[in-house]
Amino acid sequence: MPSPEETKLVLDTSALFSLQDLPPEAEVYTTSGVLEELAKYGDRRAQLWGDLLKVSEPTVSSLKKVKEGASRTGDSTRLSPTDAELLALAMDLEATLLTDDYSLQNLATYLGILFRPVGLKGIKDLRKWRWRCIGCGKVFDKELPDCPICGSKLRSTLSREH
Ligand SMILES: [Zn+2]
């Protein structure tokens, strides 16, 4: 039985790949961007589930909120247009987002959007992307081409918000 807040679900590409069947007793939404990704991978689920899957697009105002949120949490560079649309759609519909993508889960937490992982264990609390220098170990809040101190490459890392 889905909990009351899960009568509406928004599924991302990872969720559609992981599921064997669509959750029963729920309205299941996705965006046309996700269907395009599935088609690109030659996946036939979208066709099989055709009528059960509602395809919808988010409002411009929600999309704007998502993009603003992404620039605050540091998820901007990772957020594809499709990802942003899914978050915005979940916001519009007050739906639960089904996703295994940490970046999407992170932003959903920040934006107050309900989410649930499909396969992997979801993150419990808000984390922020940071970039750690592989040379001197200094941590930066934003992505840089290389370390301003020693010139080594930076590696992205998710760290807990303090
Ligand atoms: Zn360095």
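Both counts, for ligands and for their atoms, begin at 1 and track the order of listing.
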Open item on the list: Between Thr99 and Asp101, do the side chains contain a donor N or O and an acceptor N or O under 3.5 Å apart?
Closed with: no
TODO: Would you mind counting protein N, O or S atoms that sit less than 2.8 Å from the Zn ion (ligand 1)?
DONE: 4
- [ ] Just grab all the salt bridge (Lys or Arg N to Asp or Glu O under 4.0 Å) pairs involving residues 102-118, residues at least two apart or on different chains.
- [x] Glu6-Arg116
- [ ] Write out all pairs satisfying salt bridge (Lys or Arg N to Asp or Glu O under 4.0 Å) with one or both partners inside residues 56-68, taking only residues at least two apart or from two chains.
- [x] Lys64-Glu68
TODO: Output yes when Arg130 and Asp141 qualify as a salt bridge under the 4.0 Å nitrogen-oxygen rule, no when they do not.
DONE: yes
TODO: Please report the C-alpha distance between Leu9 and Leu11 in whole Å, then the side-chain angles of each, then the deciding distance to 0.1 Å, and finally whether the side chain to side chain contact (heavy atoms under 4.5 Å, CB included) criterion is met.
DONE: CA-CA 6 Å; Leu9 300 171; Leu11 273 62; 3.8 Å; yes
- [ ] With sequence neighbours excluded, tell me which residues meet side chain to side chain donor-acceptor pair (under 3.5 Å) with Asp83.
- [x] Ser80
